[in-house]
Number of protein chains: 2
Amino acid sequence: MAKIVAERSDVTPVLAEIFREHGFEGASLSVISEKTGLGKGSLYHFFPGGKEEMATTVLRDIGQWFEEHVYLPLREAEDPRMAISAMCRSVADYFRSGRRVCLVGAFALDDVRDRFADQVRDYFAEWRAALATALEKAGNDPARAGELAEEAVIAIQGALVLGRALDDTAVFERALARVEGRLLAGKD
Amino acid sequence: MAKIVAERSDVTPVLAEIFREHGFEGASLSVISEKTGLGKGSLYHFFPGGKEEMATTVLRDIGQWFEEHVYLPLREAEDPRMAISAMCRSVADYFRSGRRVCLVGAFALDDVRDRFADQVRDYFAEWRAALATALEKAGNDPARAGELAEEAVIAIQGALVLGRALDDTAVFERALARVEGRLLAGKD
DNA sequence: TCAACTATGTTCCAATCGGTACAGCCAAGA
DNA sequence: TCTTGGCTGTACCGATTGGAACATAGTTGA
């Protein structure tokens, strides 16, 4: 058979979507094999550690994407208010207006959280910290910046839950608009 | 062997805790059998429909608890502001300050949402509606009441996610305090 | 007192699980 | 051209899955 893709980096986003859809336990090797188009042999060639290595790879991938597109722009922005707006756009894009689930959030609610505790914690801790940094640069005092940042992350995650529960993308869009407004206003 | 408990209603809360801890796919019959202390024979006597029936029973149980302790008091409160405060206390209790996960929220993020879509949707829809009713009675106009209610439910769910991800119960407590303050203030 | 019924533990089942072994395939370098 | 080594499909492994069957023990009503 011809060498078509054969790079871990090509398979990782597909794996991410599978884990998002089925969760860790629900993602069986057979559905992984089917949706990636890779036989078990290939899967274990790329991920000798099996499902666990697939999941950590996916989590690292997600972490890197957020670091590059969200955390770093927030931390190093010249105009923090513009960076915050940009974050909201990126997040809306990434989560497809709530149609897409946050894999890290889903893992956090599951008992697999324990197996990936470090990566799950870091994802949210860095998000909160980067947003707080931007909020401070926008003129909020440290305590207020931390509170606003935490509230924003909470609202985004909660909106993903509620939006999927009600099967209504408007929930997420409304929530994100509120988040942006409150972050930019800075007051209660 | 002696008849010890032998009621569905005795097993249901245990099942709920198992599903909360492991998710639907992760809750195998063997752990269910172990934690309930019931053999497979007994489990299938009480729940002929297998795991699916166990889950729907648990969801119905949760729905009834919230109807009785949260939704109904909110809808029929004489003093809506006191009812809102009572809701916050009930919720903090129920979720054990964030140490306990919202099973319905966890299901919403999983692909099992599709199998229990109606129960998942109703849980959140009724919560939002009951809270909005109380907020209207407290003097908010309907649009504002709906927005505040949605925001509160989102914040609670998001706080459960973030709290578990960071393994920090203070996250949930802070969030709930903010929710109560904002619901009672009524303004932005 | 004795059948009828309910609850329970044990056992078994086919299917599927995650994972391994391995033989061959292909493209590229020597 | 031949070799090499990364990739792939297939067959298979033991373990576990969700589920069903069944014999028996406890309870109950006649």
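The sequence lines fix the lettering, A, B, ..., with proteins before strands; numbering per chain opens at 1.
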**Message:** Quick one, A:Glu126 with A:Tyr71, criterion side chain to side chain contact (heavy atoms under 4.5 Å, CB included). Give me CA distance, side-chain angles, the key distance, then yes/no.
**Reply:** CA-CA 7 Å; A:Glu126 288 189 34; A:Tyr71 309 156; 3.8 Å; yes
**Request:** Would you work out how much the helix from C:dT1-D:dA30 to C:dA30-D:dT1 bends between its ends, with each end axis defined by five base pairs, to 10 degrees?
**Result:**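 So the angle between the two local helix axes works out to 10°.
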Spacing of [X] atom [atom1] relative to [N] atom [atom2], expressed in whole Å:
X: B:Phe24; N: D:dT17; atom1: CZ; atom2: C1'; result: 13 Å
X: B:Phe47; N: D:dA20; atom1: CZ; atom2: P; result: 15 Å
X: B:Leu43; N: D:dC22; atom1: CG; atom2: P; result: 20 Å
X: A:His22; N: C:dG18; atom1: NE2; atom2: P; result: 12 Å
X: B:Tyr44; N: D:dA20; atom1: OH; atom2: P; result: 6 Å
X: B:Leu38; N: C:dG9; atom1: CG; atom2: C1'; result: 11 Å
X: B:Leu15; N: D:dG18; atom1: CG; atom2: P; result: 13 Å
X: A:Glu52; N: C:dG19; atom1: CD; atom2: C1'; result: 14 Å

**Request:** Look at the side chain of A:Ser33 and the backbone N and O of A:Leu29, then say whether any donor-acceptor pair between them is shorter than 3.5 Å.
**Result:** no
**Message:** Need one value for A:Gly41: base, sugar-phosphate or nothing, where a base atom within 4.0 Å counts as base even if backbone is also close, heavy atoms only.
**Reply:**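 Base contact - A:Gly41 has a heavy atom under 4.0 Å of at least one base atom.
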Under-4.0 Å salt bridge between [X] and [Y]:
X: A:Arg182; Y: B:Glu151; value: yes
X: B:Arg100; Y: B:Glu17; value: yes
X: B:Glu136; Y: B:Arg144; value: no
X: B:Arg113; Y: B:Asp110; value: no
X: B:Arg75; Y: B:Glu67; value: yes

**Request:** Could you tell me whether the phosphate oxygens of C:dA7, OP1 or OP2, come under 4.0 Å of any side-chain nitrogen or oxygen in B:His45?
**Result:** yes
**Prompt:** Just checking, any donor-acceptor pair under 3.5 angstrom between side chains of B:Glu180 and B:Ser85?
**Reply:** yes
**Message:** Quick check on contacts: within residues 25-32 of chain A, what sits under 4.0 Å from DNA chain C by heavy-atom distance?
**Reply:** A:Ala27, A:Ser28, A:Leu29, A:Ser30
**Item:** Among C:dC12, D:dT8, C:dT20, the nucleotide that comes nearest once only the side chain of B:Lys40 is considered
**Value:**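 When the side chain of B:Lys40 is considered, C:dC12 is the closest of C:dC12, D:dT8, C:dT20.
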**Prompt:** Taking all non-hydrogen atoms of both residues, which atom of B:Val161 and which atom of A:Gln157 are closest, and how far apart?
**Reply:** CG1-OE1, 3.8 Å
